[in-house]
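The structure appears below as structure tokens.
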Amino acid sequence: QVQLVESGGGLVQPGGSLRLSCAASGFAIDGYAIGWFRQTPGKEREGVSCIRSSGSGGSTYYIDSVKGRFAISRDNAKNTVYLQMNSLKPEDTAVYYCRTGGSNCQFPADYNWGQGTQVTVSS
């Protein structure tokens, strides 16, 4: 079946690290841009990071609030995209989702979101 599954979330103290995984099945993740998004209760879903498709060079992008702390990467052999999150802050607390997009990190509004994975940063 064609799907993306997020995993790797958990509870961590401020300053800690987590590595999220976005595992694809039924299609090759290599051919798409992949974005990580997050959402907290009562707030709109927010784009966090994106990696271009391999054919478009695989460039990475981040919102200012996570630059220098988060790193997105792709393992085509494993058909998986990762989000390494370091120096976590309480404001990073959210459910994190991944999704496919156009080769240059284009993300049309219509999308069937998965379950996501919960990240909680708290003392």
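Just so it is clear, the values below take in all heavy atoms, side chains as well, and ignore hydrogens, waters and symmetry mates. Counting from 1, the numbers follow the sequence of the chain as shown.
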Determine whether a donor-acceptor pair (N or O, by modelled atom type, separation under 3.5 Å) exists between the side chain of Y62 and the backbone of I72. yes
Backbone of T80 reached by a side-chain donor or acceptor of D75 within 3.5 Å: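 Not confirmed, D75 side chain does not pair with T80 backbone.
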To the nearest 0.5 angstrom, please state how far the [atom1] atom of [X] sits from the [atom2] atom of [Y].
X	Y	atom1	atom2	answer
I34	T60	CD1	OG1	14.0 Å
E6	W113	CD	CH2	8.5 Å
S53	Y32	OG	OH	10.5 Å
Q39	E46	CD	CD	10.5 Å
Y82	R74	OH	CZ	12.0 Å

Among all residues two or more places apart in sequence or in another chain, which pass the ring-ring contact (aromatic ring centres under 6.0 Å, His included) test with Y96? none
Indicate yes or no: at least one non-hydrogen side-chain atom of [X] is less than 4.5 angstrom from one of [Y].
X	Y	answer
S49	L83	yes
N76	S54	yes
I29	L4	yes
F107	F37	yes
I63	F70	no

Can you name the nearest heavy-atom pair linking [X] to [Y], along with the distance?
X	Y	result
W36	V81	NE1-CG1, 3.8 Å
S103	S56	CB-OG, 3.2 Å
S122	L11	CB-CD1, 4.4 Å

Looking at residues at least two apart in the chain, or sitting in another chain, which of them share a side chain to side chain donor-acceptor pair (under 3.5 Å) with [X]?
X	result
Y61	R52
Q84	N86
Q115	none
D64	K67

Consider only side-chain heavy atoms of I, L, V, M, F, W and Y, link residues closer than 4.5 Å, and tell whether V5 and F27 are in one cluster. no
Centre of Y97's six-membered ring, under 6.0 Å away, within 45 degrees of the axis: is that where NZ or CZ of R45 sits?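 The answer is yes, since R45 meets both limits relative to Y97.
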For a quick test of your reading: what N or O donor-acceptor pairs under 3.5 Å do the side chains of residues 87-95 make, sequence neighbours left out?
from	atom 1	to	atom 2	distance (Å)
D92	OD1	R38	NH1	3.0
D92	OD1	R69	NH2	3.1
D92	OD2	R69	NH1	2.8
D92	OD2	R69	NH2	3.4
D92	OD2	K89	N	2.8
T93	OG1	P90	O	2.9
T93	OG1	V121	N	2.9
T93	OG1	V121	O	3.4

